[in-house]
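Okay, so here's the structure we're looking at.
Here the structure is a predicted model, which is why all the values come from computation and not from measurement.
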Amino acid sequence: MQMQPLIKQGWLRVLIFVIVLVTATVIMTRAGNAIVYGLNPGSNATADPGVTKQQLVLFSLLITFLASAGTVFLFRKFIDKHTLISLGLDFNGYHYHAATGFFLGLFLLGIGSFFLIASKNLQWTGISFDAKQLFLNLILMALVAFAEELVFRGYILNNLLQSMNKWTALIISSLLFTLFHLSNPDISLLALLNIFLSGLMLGINYIFTKNLWFAILLHFSWNFYEGPILGYKVSGLTLESLLQQELTGNPILTGGEFGFEGSMIAGLLSLSTVLILAWIYRKKFEVQGSGFGV
């Protein structure tokens, strides 16, 4: 017998979840900084010269993963009274969707980079191969993609779908996804719009399949190849990369200091992808009556 959630309304579960997640992230970040710097939380001191900017970025990403995964696990078990797997982590039968997500990330970055090269706004100036750092970035990008999709498409979108129609749920989850990036370095209005469109793109598969692997693999391939491989900043964060790049020209076109996600090109690619996927999935799952036509 399936147990009923502790809180009946899906939207209310999401609201409480977001409050707890923000609180947990702030507390864990401050506690982590205190440990790194050897200071008490809230101390106003300069950064420890022994801690590099790169290490701080990696540490911040790890904190995000722990706070996100931990909060989702606790809410899913004690509030929703369901398993984590039921959020859409069953891989069986979803290999095609996972592969589509992975290669879609590569395809979109490839098109965008090709355009920037052709317009003479991007060139790669060298290669810096550090196997250990590359492997560490791969693991961290995988963890971040998994955690963020577990939060925004898994927990938030899943619960919103129980309170409203799928398109409204997708828009609200994408808005929350955008708000959580407000504190990223060098954020701009265009970058925020692009993040919202990315949220739509990451969630469009979920509202029809209720499975996370498309979004997880798309999120991972985008972040990993954008930063650690191609050398762009990832949502304003600088990561050590295999290819060393030089961007020139209008930041609206290139993304500037925020990275490719802050560019007009990324926005157009994301919007086009959302419209194409929406047309494909509606035809497959709704017209044929073989899916979640909510």
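- Annotation: side-chain hydrogen bond (donor to acceptor under 3.5 Å, both in side chains) contacts of Gln133 (sequence neighbours excluded): Asn137.
- Paired with Val234 under the rule side-chain contact (heavy atoms from CB on, under 4.5 Å), one option of Leu61, Asn223, Asn184 passes, and it is Asn223.
- Hydrophobic clustering (side-chain heavy atoms under 4.5 Å, transitive across Ile, Leu, Val, Met, Phe, Trp, Tyr) groups Trp167 together with Met201.
- At a threshold of 4.5 Å between side-chain heavy atoms, the hydrophobic network of Ile, Leu, Val, Met, Phe, Trp and Tyr places Phe285 and Trp279 in one connected group.
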Self-check item: Derivation of the side-chain contact (heavy atoms from CB on, under 4.5 Å) call for Val14 and Leu157
Solution: CA-CA 9 Å; Val14 168; Leu157 184 51; over 6 Å; no

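- For CG of Leu182, the number of neighbouring non-hydrogen atoms (other residues, nucleotides, ligands) closer than 6.0 Å is greater than 12.
- In this structure, Gln244 contributes its side chain and Ser241 its backbone to a donor-acceptor pair below 3.5 Å.
- Residue Leu160 is grouped with residue Leu15 when hydrophobic side chains (ILVMFWY) are merged at heavy-atom distances under 4.5 angstrom, including chains of intermediate members.
- Closest approach of Ser198 to Ser270, counting heavy atoms only: OG-OG, 4.0 Å.
- Note that the CG atom of Leu277 and the CG atom of Leu104 stand 6.5 Å from one another [nearest 0.5 Å].
- The shortest heavy-atom contact between Asn159 and Arg76 is ND2-NH1, 4.5 Å.
- A ring-centre distance under 6.0 Å is not found for Phe107 and Phe103.
- Using modelled atom types, one finds no donor on one side chain facing an acceptor on the other under 3.5 Å when comparing Glu246 with Thr125.
- Contact record, His181 with Ile195: CB-CD1, 3.6 Å, taken as the closest heavy-atom pair.
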Quiz item: Can you list the steps and then say if Ile280 with Ile276 is a side-chain contact (heavy atoms from CB on, under 4.5 Å)?
Solution: CA-CA 6 Å; Ile280 292 173; Ile276 292 171; 3.8 Å; yes

Quiz item: What do the steps show when you test Val72 against Leu87 for side-chain contact (heavy atoms from CB on, under 4.5 Å), and what is the final call?
Solution: CA-CA 10 Å; Val72 170; Leu87 285 177; 3.7 Å; yes

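- A distance of 9.5 Å separates CD of Glu226 from CE of Met141, quoted to the nearest 0.5 Å.
- Between Leu150 and Leu89, the closest side-chain pair of non-hydrogen atoms falls below 4.5 Å.
- Cluster membership check: Leu66 does not share its hydrophobic cluster with Ile27, using side-chain heavy-atom separations under 4.5 Å among Ile, Leu, Val, Met, Phe, Trp and Tyr.
- A donor-acceptor contact shorter than 3.5 Å is absent between the side chain of Thr71 and the backbone of Ser68.
- Judged by distance alone, with hydrogens and angles left aside, the side-chain atoms of Asp186 form no donor-acceptor pair with the main-chain N or O of Gly236 at under 3.5 Å.
- Using cut-offs of 30° and 60° for the angle between ring planes, the Tyr94 and His97 rings count as tilted.
- In this structure, Leu190 and Ile252 have side chains that are in contact, with non-hydrogen atoms separated by less than 4.5 Å.
- Expressed to the nearest 0.5 Å, how far CG of Leu62 lies from CD1 of Ile139 amounts to 12.0 Å.
- Atom CZ in Phe65 sits 7.0 Å away from atom CZ in Phe146 (nearest 0.5 Å).
- Closest non-hydrogen pair, Leu202 versus Ala215, comes out as O-CB, 3.3 Å.
- Phe115 is not listed as a side-chain neighbour of Asn121, based on a closest heavy-atom distance of 4.5 Å or more.
- The minimum heavy-atom distance between Phe152 and Ile156, with the atom names listed, is O-CB, 3.6 Å.
- The shortest distance between side-chain heavy atoms of Leu161 and Leu170 does not fall below 4.5 Å.
- Using modelled atom types, one side-chain atom of Thr178 and one backbone atom of Phe196 make a donor-acceptor pair closer than 3.5 Å.
- Figure legend: cation-pi geometry between Arg153 and Phe177, with NZ or CZ positioned under 6.0 Å from the six-membered ring centre and within 45° of its axis.
- Partners of Asn158 by side-chain hydrogen bond (donor to acceptor under 3.5 Å, both in side chains), not counting sequence neighbours, listed by chain and number: Gln162, Tyr206.
- Between the side chain of Ser113 and the backbone N or O of Gly110 there is no donor-acceptor pair closer than 3.5 Å.
- Leu275 and Ile171 fall within a single hydrophobic cluster, where Ile, Leu, Val, Met, Phe, Trp and Tyr are joined by side-chain heavy atoms under 4.5 Å apart, directly or via other members.
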Self-check item: side-chain contact (heavy atoms from CB on, under 4.5 Å) evaluation trace for Leu116 with Leu253
Solution: CA-CA 8 Å; Leu116 289 175; Leu253 186 65; 4.3 Å; yes

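- Side chains of Ser163 and Arg13: a donor-acceptor N/O pair is absent below 3.5 angstrom, by distance only.
- Phe180 has its side chain within reach of Val18: a pair of non-hydrogen atoms, C-beta onward, lies under 4.5 Å apart.
- Between the side chain of Ser174 and the backbone N or O of Leu200, at least one donor-acceptor pair lies under 3.5 Å.
- To the nearest 0.5 Å, the span separating CG on Leu138 from OH on Tyr225 amounts to 8.0 Å.
- Counting heavy atoms from C-beta on, the side chains of Trp213 and Asn205 never come closer than 4.5 Å.
- When side chains are defined from C-beta on, Leu242 counts as touching Phe129, because their heavy atoms get closer than 4.5 Å.
- A pairwise comparison of heavy atoms in Asn211 and Gly88 identifies ND2-O, 3.2 Å as the closest pair.
- The closest donor-acceptor contact from the side chain of Gln245 to the backbone of Leu230 lies under 3.5 Å.
- The side-chain hydrogen bond (donor to acceptor under 3.5 Å, both in side chains) test applied to Thr168 returns Asn165, not counting sequence neighbours.
- At a cut-off of 3.5 Å, with distance as the only test, no side-chain donor of Tyr281 or Thr209 sits close to an acceptor on the other residue.
- Without hydrogens or angle criteria, Ser272 side chain to Leu269 main chain gives no donor-acceptor distance under 3.5 Å.
- Residues Phe91 and Leu212 form no side-chain contact, since every pair of their non-hydrogen atoms from C-beta on lies 4.5 Å or further apart.
- For the atom pair Ile79 CD1 and Ile7 CD1, the distance stands at 5.0 Å (nearest 0.5 Å).
- When atom types are taken as modelled, the side chain of Ser263 and the backbone of Phe260 share a donor-acceptor pair closer than 3.5 angstrom.
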